[in-house]
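Structure, as structure tokens:
For the single chain, residues carry numbers from 1 onward in sequence order.
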Amino acid sequence: MPASVAGFVVGAVVNYWLNYLITFRSHKPHGPTFTKFLVVALVGLGLNTLIMAIGTMWLYYLFSQALATGLVLVWNFLCNRFWTFKEIAP
């Protein structure tokens with residue numbers, strides 16, 4: 001459990017910096033931006049868990065994981081694009 005939590009935290013921090021610097025080339029302040037990013041990531045973790053729990057009732061676990069990964073990937077990108085890193089026009 002501690003290793004899983006540590007992996008999530010390290011992954012979230014690295015993912016934040018890559019999105020901030022490369023994907024969205026943001027100039028927003030880090031405090032509120034990272035908070036929004038973390039909310040999106042935690043909801044994504046919950047969605048992944050829910051999709052896996054429901055999906056494995058009817059599907060082979062690898063199919064459930066592929067479905068969960070794809071849906072959460074889209075969720076994370078869209079939320080970060082239109083909420084976390086959205087630049088406000090001057």
According to a 4.5 Å side-chain heavy-atom criterion applied to Ile, Leu, Val, Met, Phe, Trp and Tyr, with indirect links allowed, do [X] and [Y] form part of one hydrophobic cluster?
{"X": "Leu62", "Y": "Met52", "answer": "no"}
{"X": "Ile54", "Y": "Val43", "answer": "no"}
{"X": "Leu47", "Y": "Tyr61", "answer": "no"}
{"X": "Val14", "Y": "Val39", "answer": "no"}
{"X": "Leu50", "Y": "Val74", "answer": "no"}

Heavy-atom closest pair, residues [X] and [Y]:
{"X": "Thr84", "Y": "Phe37", "value": "CG2-N, 3.6 Å"}
{"X": "Thr69", "Y": "Asn48", "value": "N-OD1, 4.3 Å"}
{"X": "Leu59", "Y": "Ser64", "value": "CB-OG, 3.6 Å"}
{"X": "Lys36", "Y": "Lys28", "value": "NZ-NZ, 4.2 Å"}
{"X": "Asn76", "Y": "Gly44", "value": "OD1-CA, 4.0 Å"}

Quick check on Phe63: does its CZ atom have over 12 non-hydrogen neighbours (other residues, nucleotides or ligands) under 6.0 Å away?
no

Spatial distance of atom [atom1] ([X]) from atom [atom2] ([Y]) [nearest 0.5 Å]:
{"X": "Thr56", "Y": "Gln65", "atom1": "OG1", "atom2": "CD", "value": "10.0 Å"}
{"X": "Thr33", "Y": "Trp83", "atom1": "OG1", "atom2": "CH2", "value": "10.0 Å"}
{"X": "Leu67", "Y": "Ile51", "atom1": "CG", "atom2": "CD1", "value": "6.0 Å"}

Are any non-hydrogen side-chain atoms of Leu42 and Phe8 less than 4.5 angstrom apart?
yes

Within-4.5 Å side-chain heavy-atom neighbours: His30 and Trp17:
yes

Any idea how Tyr16 and Phe34 line up, ring-wise: parallel (<30°), tilted (30 to 60°), or perpendicular (>60°)?
perpendicular

State whether the side chain of Ser26 and the backbone N or O of Phe85 hold a donor-acceptor pair below 3.5 Å, judged by distance alone.
no

